Amino acid sequence: MKIKEWTYKKDIKEIEEVIQKGCSLKKCLRAQSIGQKTIIAMKDDQGTIRREEKEILNVICTFYKNLYSMPINMEEEEIELPEMEEKPNPILKSEVECTLKKLKNGKTGGLDNIVNEQLKRATMKIKVGNMSRSIELNRGLRQGDVPSAKFFGCVLEEAFRKCEWESYGININGERLNKMKFADDVVLIGKSMSEIECMLNELTEEAKKLGLNINPGKTKLLKINNYESIKIKVKNEEIEEVEEFVYLGQLVAKEDPMGREIKRRIRLSWAAYNRHRKLFRSGVKMETKAKLWNSVVKPVLIYGSETWCLTNQSIDKLRKTVRRMERSMLKVGRRERKTNRWVRQQTGLEDVAKVIMEKKWRWAGHIVRSEDNRWAKKIIEWYPRDMSRRRGRPKLSWDMEMRRCCGGSTWQRVAHDRMEWSRMGEVYRAAWLPPE
């Protein structure tokens, strides 16, 4: 029993040091739980179960050797060069390989941030238990490599450039918004089902020419204010219609998107809290617990809050969630009759509603003062002239709070003055932040 108690105190001390230094908590917890995540069996190509470490390592190495040595079946397009008096000699593959071998290691990357080690033949190290083995990567790039993301982005951008979508999408002050893309997460936007079908088919054809395939199983359809019954197909497979989907960590839904997103954020924050529940409920100092909560749970709870339209009801939900977590950390239930003010004094956490409003106010000023041609600024300045609003009370808009604090639609002029915008932020918090 004494050994267990000593080990527990030692682990807690290590965790406190890691949190205070701002190092990786995941690595520390993984080092303290050695042996819990181990591969004990694996099937080979013939379906035989392998249980020894050496056999499991052979199965994994065989799989990745075949994966990174398969030939690429792509049709090479001939590039038409301008007419020249003397045709240049073709660049041989052996010449490129010889040049790469002569490049020195340990040098800083150029304008593309690609270092020399990544251009040379890469190796992959596989470790199973106490055994490890290295294999060569003769084809393709690893997912974590810098060139991998750059090459994929360039190829996908080439496919989009070949698509002729000038007349598709929503008219935003004379410009067409018909797509949003981030790496391989792409959203196509159209005014009708026929537009979406044409855009999707054209993108599928252009991507196929470049060796990219669209997965119909991962492609979803969301209709907002559209009641057409047309079915869209990709590769003769019907696209599933959904009521909501998550794009870049934010929920997009037909009905009540803000309410659903806040409920989802609360669920995810509780999941993040429960992953470290033993630490929050342990004998760690409250100062360390607060720092851990601010770095692990709080970012999950308020992610994307700059775009939220908050109501008093949603603010109350967020505050109640934080209070329950605070009481859980202090091991104080409702029966102890401790007030919320006392709990907040013990934990030292900041009001989540105040944090969200400050983030939203700063982000609004940043977007208005930006000089580039980003869509966020265009949509803030957009007035939909070809659309009609439904009957009834208008819904709460994102900039309604700024309008009321800064004298109507002229709030963007105020945002250009940093000093005045900072002063108005205090007025904004006093006017819109409900008391706890």
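Computed from a predicted model, the values in this text were never measured in an experiment.
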Enquirer: Cation-pi check for Trp375 against Lys378: NZ or CZ below 6.0 Å from the six-membered ring centre and within 45 degrees of the axis, yes or no?
Expert: yes
Enquirer: List the atom of Ile56, the atom of Arg50, and the distance in Å for their closest heavy-atom pair.
Expert: CG1-O, 3.6 Å
Enquirer: So, does Thr347 use its side chain to make a donor-acceptor pair with the main chain of Val343 at under 3.5 Å?
Expert: yes
Enquirer: With a sphere of 6.0 Å drawn around NZ of Lys254, does it hold more than 12 non-hydrogen atoms of other residues, nucleotides or ligands?
Expert: yes
Enquirer: Would you say that more than 12 heavy atoms from the other residues, nucleotides or ligands in this model lie under 6.0 Å from the OH of Tyr247, or not?
Expert: yes
Enquirer: Taking the side chain as every heavy atom from C-beta outward, state whether Ile232 and Asn201 have any pair of such atoms under 4.5 Å apart.
Expert: no
Enquirer: Rounded at 0.5 Å granularity, tell me how far CD in Glu202 sits from CG in Leu188.
Expert: 10.5 Å
Enquirer: More than 12 heavy atoms of other residues, nucleotides or ligands under 6.0 Å from CD of Glu52: yes or no?
Expert: no
Enquirer: With side-chain contact (heavy atoms from CB on, under 4.5 Å) as the criterion, how do Asn312 and Asp316 come out once you've worked through the C-alpha distance, each side chain's angles and the decisive distance to 0.1 Å?
Expert: CA-CA 6 Å; Asn312 289 342; Asp316 189 49; over 6 Å; no
Enquirer: For the residue pair Ala253 and Arg260, what are the closest heavy atoms and their distance?
Expert: CB-NH1, 3.9 Å
Enquirer: What is the distance from atom CD of Glu206 to atom SG of Cys163, rounded to the nearest 0.5 Å?
Expert: 5.0 Å
Enquirer: Indicate yes or no: at least one non-hydrogen side-chain atom of Val352 is less than 4.5 angstrom from one of Arg319.
Expert: yes
Enquirer: For the pair Lys331 (side chain) and Arg281 (backbone), establish whether a donor and an acceptor sit closer than 3.5 Å, ignoring hydrogens and angles.
Expert: yes
Enquirer: Quick check for you: to the nearest 0.5 Å, what is the distance between Cys198 atom SG and Leu203 atom CG?
Expert: 13.0 Å
Enquirer: Looking at Val296 and Ala272, what are the two nearest heavy atoms and their distance?
Expert: O-CB, 4.1 Å
Enquirer: Okay, side chain of Glu261, backbone of Leu251: is any donor-acceptor separation there less than 3.5 Å?
Expert: yes
Enquirer: Between Arg133 and Val128, is there a side-chain heavy-atom distance shorter than 4.5 Å?
Expert: no
Enquirer: Are the side chain of Glu358 and the backbone N or O of Val355 linked by a donor-acceptor pair below 3.5 Å?
Expert: no
Enquirer: Can you see which heavy atom on Leu210 is nearest to which on Ala159, and at what distance?
Expert: CD1-N, 3.7 Å
Enquirer: Walk me through whether Trp293 and Val322 qualify under side-chain contact (heavy atoms from CB on, under 4.5 Å).
Expert: CA-CA 10 Å; Trp293 189 89; Val322 177; 4.1 Å; yes
Enquirer: Can you confirm whether Ile356 sits close enough to Leu318 that some side-chain heavy atom of one is under 4.5 Å from a side-chain heavy atom of the other?
Expert: yes
Enquirer: Starting at CG of Leu310, measure out to NZ of Lys360 and round the result to the nearest 0.5 Å.
Expert: 6.0 Å
Enquirer: Can you establish whether the number of heavy atoms outside Lys54 located under 6.0 Å from its atom NZ is more than 12?
Expert: no
Enquirer: Are any of the side-chain nitrogens in Arg176 or Glu166 under 4.0 Å away from the carboxylate oxygens of its partner?
Expert: no
Enquirer: In terms of heavy-atom contacts, does CG of Asn215 have more than 12 from other residues, nucleotides or ligands at under 6.0 Å?
Expert: yes
Enquirer: With a 4.5 Å heavy-atom cut-off, do Trp308 and Arg265 have their side chains touching?
Expert: yes
Enquirer: Is a salt bridge present between Glu287 and Lys291, judged by a nitrogen-to-oxygen distance below 4.0 Å?
Expert: no
Enquirer: Mind checking the NZ-CE spacing from Lys263 to Met258? Nearest 0.5 Å is all I need.
Expert: 13.5 Å
Enquirer: Do the side chains of Val297 and Phe280 get nearer than 4.5 Å, heavy atoms only?
Expert: yes
Enquirer: Verify the neighbour count for atom CG of Asn236: are there more than 12 heavy atoms of other residues, nucleotides or ligands below 6.0 Å?
Expert: no
Enquirer: Is it the case that over 12 heavy atoms from other parts of the model lie below 6.0 angstrom from the CD atom of Glu381?
Expert: yes
Enquirer: In terms of ring plane angle, is the pair Trp165 and Phe160 parallel, tilted or perpendicular, where the classes change at 30° and 60°?
Expert: perpendicular
Enquirer: Please give me the minimum heavy-atom distance between Ser269 and Val300, naming the atom from each residue.
Expert: N-CG1, 3.7 Å
Enquirer: Run the numbers on Asn294 and Glu350 for side-chain contact (heavy atoms from CB on, under 4.5 Å), then give the verdict.
Expert: CA-CA 9 Å; Asn294 287 327; Glu350 199 172 1; over 6 Å; no
Enquirer: Where the side chain of Lys220 meets the backbone of Gly217, is there a donor-acceptor pair that is under 3.5 Å apart?
Expert: yes
Enquirer: Could you pull out the closest heavy-atom pair between Ile196 and Gly190, with the gap in Å?
Expert: CD1-N, 3.3 Å
Enquirer: Between Trp398 and Glu306, is there a donor-acceptor pair closer than 3.5 Å when you use the side chain of the first and the backbone of the second?
Expert: yes
Enquirer: Hey, is NZ on Lys354 packed in by over 12 heavy atoms from elsewhere, all under 6.0 Å?
Expert: no
Enquirer: When you measure from the side chain of Glu336 to the backbone N and O of Val332, does any donor-acceptor pair fall under 3.5 Å?
Expert: no
Enquirer: Check the pair Trp270, Met325 against side-chain contact (heavy atoms from CB on, under 4.5 Å), reporting the backbone distance first and the verdict last.
Expert: CA-CA 8 Å; Trp270 273 114; Met325 292 181 182; 3.6 Å; yes
Enquirer: Quick one: pull up CD1 in Ile315 and NZ in Lys317 and give me the separation to the nearest 0.5 Å.
Expert: 12.5 Å
Enquirer: Checking Glu55 against Arg51 for the salt bridge (Lys or Arg N to Asp or Glu O under 4.0 Å) test, could you report, in this order, the C-alpha distance in whole Å, the side-chain angles of both residues, the deciding distance, and whether it holds?
Expert: CA-CA 7 Å; Glu55 294 178 346; Arg51 298 187 183 277; over 6 Å; no
Enquirer: Can you tell whether the side chains of Lys208 and Glu205 come within less than 4.0 Å, N to carboxylate O?
Expert: no
Enquirer: Between Arg323 and Glu326, is there a side-chain N and carboxylate O pair less than 4.0 Å apart?
Expert: no
Enquirer: Can you find a heavy atom in the side chain of Lys289 that is under 4.5 Å from one in the side chain of Leu330?
Expert: no
Enquirer: With a 4.5 Å limit on heavy-atom distance, are the side chains of Leu156 and Val186 in contact?
Expert: yes
